[in-house]
Structures are given as structure tokens and as C-alpha cells.
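Scope of the values below: all heavy atoms of this structure, side chains included, with no hydrogens, waters or symmetry mates.
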Amino acid sequence: MRRSIPIGLLVVSLAALFVVGGTMAWFTHTAEPVINTFTAGTVEIEIVDEYTEVTNWNPGDTTDKKVSVKSLGTKGAYVRVSLTPVWGSMVEDEFAPDQELSTENVVLNVNTGEDDDWMLSDGWYYYKKILPAGEETSLLLNSVTLVGESTGNEYQGKILQIIVEAEAVQASNDAYQSVWSLKSLPWVEEV
């Protein structure tokens, strides 16, 4: 029995310690959480295409067709545009391309001179500046000419469509490299 008294005293002492320890107060404080918000920017564009449909186009005619790109996003962006002329006919209210008709008789009057803001590389017209949010590029295309000497009778009654496609990528962090698979921008000479 002598052993049970010290064990009993030990148990009672530990219980008393837990009760006393549980009732002790300490100064404490919990800080209010800080919430940081990061809103991603946006890259959004639209093609600005101004022209009047021509229904009686003749070899030798030049028709106004103005193409530019407008930024609707919040970030500066690099822009490129593809212009693809296609001859064809309407079949059951749908355009059917005619692969046998060449588009070499179609001249796209584009602004790609040395002093212009656009340049042609790898089938795309690249805008040589960063397009700021809410701004519009200079004109890429001014007009389209149907060359008289190379437009024979096989083009009578045919329809020319110009497919305009545009892409934009954020101008920051060299995103064009992975998005467009380019090592550098075409208008910037590699060192």
C-alpha cells in the first residue's frame, strides 16, 4: 500500500496542475487577415474592316478596303494580321473556293514600306509597335486591285473573298516567343 499512496499523490498533483494551468491567462492577439488582390490584365482585339461590297468588279479596278486592328483589352500587345484572298462561287448560299483560280491577279495595297508601321514576315503582317490599350493600329490595307492583264474570262462571275485574321499577344515578358514560336520579333535585328 505504500506504493499506491505516492502514485495517488502524483495523480492528484498532476490533476491539480492541469486545473491550475488551464485557468491561467496570457495576453494574446490575433491579427486581422490581409487580403491581396491581383487582377490579371486582358488582351482583346477586334478587326476594323471598312469597305463597300462590290458587285460588278472589273479587271483594272481598285476598290477601297481599309483594315486595321483595335485593342479592347487593358494591356499593351503585339499584333499580327493575315490577309488571304480566295476566288470562288456561291453554291447553295455558301461560298465554295475554286482552287483552280489563281489569286496572283489580286494586289493587296498594304502599308509595308520602310517608313510604315507594318512588315510582312512568314505569311503574317506584323505591327511594328506595341498596340496600347484602347488604341488602334495604323492602316494595314488601303485597297485591293484586280490586275487587268492577268484576269481572263475564267474569272467572270466569280467572287473574291479576302479572309482577314488577326492575333494579339501581351507585349510583356516576351510572350510572343512561346505563343508565336518566334525567337525574336521580325522587325528587330538579332544581335
Engineer: Tell me whether the rings of Y176 and Y78 are parallel (<30°), tilted (30 to 60°) or perpendicular (>60°).
Structural biologist: perpendicular

Engineer: Between the side chains of K128 and D117, is the shortest nitrogen-to-carboxylate-oxygen separation below 4.0 Å, so that they form an ion pair?
Structural biologist: no

Engineer: Salt bridge (charged side-chain N to carboxylate O under 4.0 Å, His left out): which pairs involve residues 35-63, sequence neighbours left out?
Structural biologist: D49-K65

Engineer: Taking side chain to side chain donor-acceptor pair (under 3.5 Å) as the definition, give me every residue that meets it alongside Y126, ordered by chain and number, with sequence neighbours left out.
Structural biologist: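 If we apply the side chain to side chain donor-acceptor pair (under 3.5 Å) test to Y126, skipping adjacent residues, the hits are R80, D122.
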
Engineer: Donor-acceptor pairs under 3.5 angstrom involving side-chain atoms of residues 94-102: please list them, not counting sequence neighbours.
Structural biologist:
unit_1 : atom_1 : unit_2 : atom_2 : d
D98    : OD1    : E100   : N      : 3.0
S102   : OG     : E104   : N      : 3.0

Engineer: Taking V144 as the starting point, is it possible to reach I47 by hopping between hydrophobic residues whose side chains are less than 4.5 Å apart?
Structural biologist: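 Yes; tracing contacts between hydrophobic side chains, which count when under 4.5 Å, links both residues.
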
Engineer: side-chain hydrogen bond (donor to acceptor under 3.5 Å, both in side chains), that's the test. Do S89 and K158 meet it? Break it down for me.
Structural biologist: CA-CA 5 Å; S89 303; K158 299 297 181 178; 3.3 Å; yes

Engineer: Please collect all ring-ring contact (aromatic ring centres under 6.0 Å, His included) contacts where either partner lies in residues 132-163, sequence neighbours excluded, each pair once.
Structural biologist: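 Qualifying pairs, neighbours excluded: W87-Y155.
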
Engineer: Taking atom types as modelled and ignoring hydrogens, do the side chains of N111 and N142 form a donor-acceptor contact shorter than 3.5 angstrom?
Structural biologist: yes

Engineer: Excluding sequence neighbours, so at least two apart, what forms side chain to side chain donor-acceptor pair (under 3.5 Å) with Q161?
Structural biologist: none

Engineer: Does any non-hydrogen side-chain atom of E136 lie less than 4.5 Å from one of V48?
Structural biologist: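 A side-chain contact exists here, since the closest heavy-atom pair is under 4.5 Å.
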
Engineer: Treating Ile, Leu, Val, Met, Phe, Trp and Tyr as nodes and any side-chain heavy-atom pair under 4.5 angstrom as an edge, say whether L72 and V43 lie in one connected cluster.
Structural biologist: no

Engineer: So, N105 and T151: side-chain donor and acceptor under 3.5 Å apart, yes or no?
Structural biologist: yes

Engineer: What is the distance from atom CD of Q177 to atom OG of S184, rounded to the nearest 0.5 Å?
Structural biologist: 8.0 Å

Engineer: Using only heavy-atom distances, determine whether the side chains of E135 and S71 contain a donor-acceptor pair under 3.5 Å.
Structural biologist: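 No, no side-chain donor-acceptor contact under 3.5 Å.
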
Engineer: To the closest 0.5 Å, what do you measure between CG (L83) and CH2 (W124)?
Structural biologist: 9.5 Å

Engineer: Do L160 and Y51 share a hydrophobic cluster (ILVMFWY, side-chain heavy atoms under 4.5 Å, transitive)?
Structural biologist: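 Not linked; separate clusters.
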
Engineer: State the CD1-OH distance between I45 and Y127, to the nearest 0.5 angstrom.
Structural biologist: 13.0 Å

Engineer: Taking only residues two or more places apart in sequence, or in another chain, which ones meet S121 in a side chain to side chain donor-acceptor pair (under 3.5 Å)?
Structural biologist: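 Here no residue qualifies.
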
